[in-house]
Amino acid sequence: MTNEEDRNPQFYICDCFTTDNIFLKDYKLHVIFVSEQQFRLDYEASLRRLGCVTDKQFEDVLDKESYLAPKFRQIVEHCRSRDISEERLLDVVVEEAAARVYRFPVFEKSFCEQLLEELEHFEQSSAPKGRPNTMNQYGILLNEMGFDEGFITPFREHYLQPLASLLFPDCGGSCLDSHKAFVVKYDLNEDLDLSYHYDNAEVTLNVSLGKDFTEGNLYFGDMKQVPLGESECSEVEHRVTEGLLHRGQHMHGALPISTGQRWNLIIWMRASRERNKLCPMCNRRPSLVKGDGMADGFTKHC
């Protein structure tokens with residue numbers, strides 16, 4: 001690798017992003033998972049031939065996708081259909097009162113509980129920790145827990161990309177190639193709310209993981225180009241296990257919680273093809289400096 005390439009990590013974009021399958025690394029097999037019944041009918045015989053011969057091995061394969069809500073898997077499968085359109089997708093995805101803010105179940109509740117347990121263990125550990133972003137004081141960067149490569153990246157590529165491609169083609173939804181993932185925490189003794197802002201992202205997913213809380217709804221205004229005085233805000237409720245997908249430049253904030261504690265998983269998804277032309281944070285042509293990992297999603301090539 002040359003010095004120039006080492007200073008500026010390069011992300012690659014495929015014009016025709018194909019996510020018709022999931023790759024089972026242990027068996028070097030691409031599969032589609034909609035339901036356990038469908039999966040067994042389509043792949044059990046092939047997996048047996050490839051060495052997945054015991055019931056325990058087969059259950060381990062099924063567990064790889066069991067953290068996702070069945071309806072979410074069905075929605076993604078709709079997106080992978082060759083003849084799907086945004087209009088047909090809206091038959092299975094709920095659009096909230098705020099324009100182009102979409103709600104759908106994402107994770108099983110048991111997975112949210114297990115993830116929260118891991119997050120709290122990490123929070124209480126002596127491991128060095130960075131702030132999730134410039135606005136939230138309390139939370140965790142998921143790359144510091146090693147979650148990027150094995151969890152967030154495949155989740156973005158195989159599940160969120162098909163949705164974003166259909167719902168947000170006008171703002172880079174079809175060419176998302178990096179992300180920043182973190183968890184934020186709201187508590188009566190810590191951060192209560194979040195001021196009106198936009199994200200450093202082309203598309204954002206916000207999933208409520210728990211715990212017990214009251215109030216604290218999100219509110220959405222207009223895109224960042226529209227002055228606040230000309231915007232009419234709409235409230236959107238947080239529901240545990242469910243996600244809200246929206247444009248990163250859509251102005252929004254979080255109202256104060258009144259009781260309890262809330263944790264949210266946030267994934268800022270970036271499209272270098274879009275942000276290489278104009279930085280979404282300063283509205284100027286980007287002036288690049290070296291960054292770690294996926295940095296802010298810029299690359300050297302438009």
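Just so you know, residue 1 is the first one in the sequence shown, and it goes up from there.
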K.L.:
Quick one about D191 and Q137 (side-chain donor to acceptor, distance below 3.5 Å, no hydrogens or angles considered), yes or no?
P.N.:
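Side-chain D/A pair, Q137 to D191: absent.
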
K.L.:
Taking the six-membered ring for Trp, are H238 and F213 parallel (under 30°), tilted (30 to 60°) or perpendicular (over 60°)?
P.N.:
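Because their plane-to-plane angle is over 60°, the rings of H238 and F213 count as perpendicular.
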
K.L.:
Could you check whether any side-chain heavy atom of V236 comes within less than 4.5 Å of a side-chain heavy atom of Y219, counting everything from C-beta outward?
P.N.:
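With C-beta onward as the side chain, the pair stays apart.
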
K.L.:
Checking the side chain of H246 only, and the main-chain atoms of L244 only, is there a donor and an acceptor separated by less than 3.5 Å?
P.N.:
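Not confirmed, H246 side chain does not pair with L244 backbone.
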
K.L.:
For a 4.5 angstrom cut-off between non-hydrogen side-chain atoms, does L176 reach V203?
P.N.:
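They are in side-chain contact.
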
K.L.:
Taking side-chain hydrogen bond (donor to acceptor under 3.5 Å, both in side chains) as the cut-off, I'd like each qualifying pair that reaches into residues 103-118, sequence neighbours left out, listed once.
P.N.:
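Residue pairs with at least one partner in residues 103-118: E96-R103, R103-E242, K109-E113.
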
K.L.:
For Q57 and V53, indicate whether the former's side chain and the latter's backbone hold a donor-acceptor pair under 3.5 Å.
P.N.:
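Yes, Q57 side chain to V53 backbone: donor-acceptor pair under 3.5 Å.
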
K.L.:
Is the shortest side-chain heavy-atom distance between L205 and F104 below 4.5 Å?
P.N.:
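SC-SC contact between L205 and F104 confirmed.
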
K.L.:
Report yes if some heavy atom in the side chain of C171 is under 4.5 Å from a heavy atom in the side chain of Q249; otherwise report no.
P.N.:
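Side-chain contact under 4.5 Å: no.
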
K.L.:
Under 4.5 Å between any side-chain heavy atoms of E95 and L167, yes or no?
P.N.:
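Not touching, per the 4.5 Å side-chain cut-off.
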
K.L.:
Are Y198 and H250 an aromatic pair by the rule of ring centers under 6.0 Å?
P.N.:
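No, the ring of Y198 stays outside the 6.0 Å limit from the ring of H250, centre to centre.
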
K.L.:
Indicate the atoms forming the closest heavy-atom contact of P286 with C279, along with that distance.
P.N.:
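Here P286 and C279 meet closest at CD-N, 4.0 Å.
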
K.L.:
Salt bridge (charged side-chain N to carboxylate O under 4.0 Å, His left out) between K211 and E120: does it pass, once the steps are laid out?
P.N.:
CA-CA 12 Å; K211 298 182 173 181; E120 289 180 322; 2.5 Å; yes

K.L.:
Would you sort out whether F155 and F107 count as a ring pair (Phe, Tyr, Trp, His ring centres under 6.0 Å), showing the intermediate values?
P.N.:
CA-CA 11 Å; F155 181 55; F107 299 127; 5.6 Å; yes

K.L.:
Using the ring pair (Phe, Tyr, Trp, His ring centres under 6.0 Å) rule, take W268 and F182 through it: C-alpha gap first, then chi angles, then the decisive distance, then the call.
P.N.:
CA-CA 9 Å; W268 286 351; F182 52 92; 5.0 Å; yes

K.L.:
Should we say atom CG of D170 is surrounded by more than 12 heavy atoms from elsewhere, each under 6.0 Å from it?
P.N.:
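Yes - once you tally the heavy atoms of other residues, nucleotides and ligands closer than 6.0 Å, there are more than 12.
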
K.L.:
Would you check if there is a donor-acceptor pair between the side chains of S272 and D177 at a distance under 3.5 Å?
P.N.:
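S272 and D177 do have a side-chain donor-acceptor pair below 3.5 Å.
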
K.L.:
If we only count heavy atoms from C-beta on, is the L209 to V240 side-chain gap below 4.5 Å?
P.N.:
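Side-chain contact under 4.5 Å: no.
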
K.L.:
Has R40 got a side-chain atom pairing as donor or acceptor with A45's backbone, closer than 3.5 angstrom?
P.N.:
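No, R40 side chain to A45 backbone: no donor-acceptor pair under 3.5 Å.
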
K.L.:
Between R275 and N200, do the side chains contain a donor N or O and an acceptor N or O under 3.5 Å apart?
P.N.:
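The criterion, which ignores hydrogens and geometry beyond distance, is satisfied for R275 and N200.
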
K.L.:
Would you please say whether a donor-acceptor pair under 3.5 Å links the side chains of H179 and D148?
P.N.:
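Note: H179 and D148 side chains meet the donor-acceptor criterion.
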
K.L.:
Any luck finding a side-chain donor-acceptor pair between N206 and N264 under 3.5 Å?
P.N.:
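Side-chain D/A pair, N206 to N264: present.
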
K.L.:
Under 3.5 Å, is there a donor-acceptor pair linking the side chains of N217 and E237?
P.N.:
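Short answer, no.
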
K.L.:
Within 45 degrees of the axis of the six-membered ring of Y159 and under 6.0 Å from its centre: does R80 put its NZ or CZ there?
P.N.:
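Relative to the ring axis of Y159, which defines the angle, R80 lies inside both limits.
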
K.L.:
Check whether any side-chain heavy atom of R247 lies under 4.5 Å from a side-chain heavy atom of F168, and answer yes or no.
P.N.:
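R247 reaches F168 side chain to side chain.
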
K.L.:
Measure from NZ or CZ of R131 to the centre of the six-membered ring of Y138 and say whether it is under 6.0 Å with the direction within 45° of the ring axis.
P.N.:
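No, a cation-pi geometry is absent between R131 and Y138.
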
K.L.:
Does NZ or CZ of K129 come closer than 6.0 Å to the centre of the six-membered ring of F122, within 45° of the ring's axis?
P.N.:
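Because its charged atom sits under 6.0 Å from the ring centre and within 45° of the axis, K129 does stack over F122.
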
K.L.:
For F151 and F111, take the angle between the two ring planes, folded into 0 to 90°, and tell me which bin it lands in: parallel under 30, tilted 30 to 60, perpendicular over 60.
P.N.:
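It falls in the perpendicular class, over 60°.
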
K.L.:
Give a yes or no on whether D55 atom CG has more than 12 heavy-atom contacts from other residues, nucleotides or ligands under 6.0 Å away.
P.N.:
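Incorrect, the count does not exceed 12.
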
K.L.:
Evaluate the side-chain proximity of I75 to L163: yes if any heavy-atom separation is below 4.5 Å, no if none is.
P.N.:
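Sidechains of I75 and L163: in contact.
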
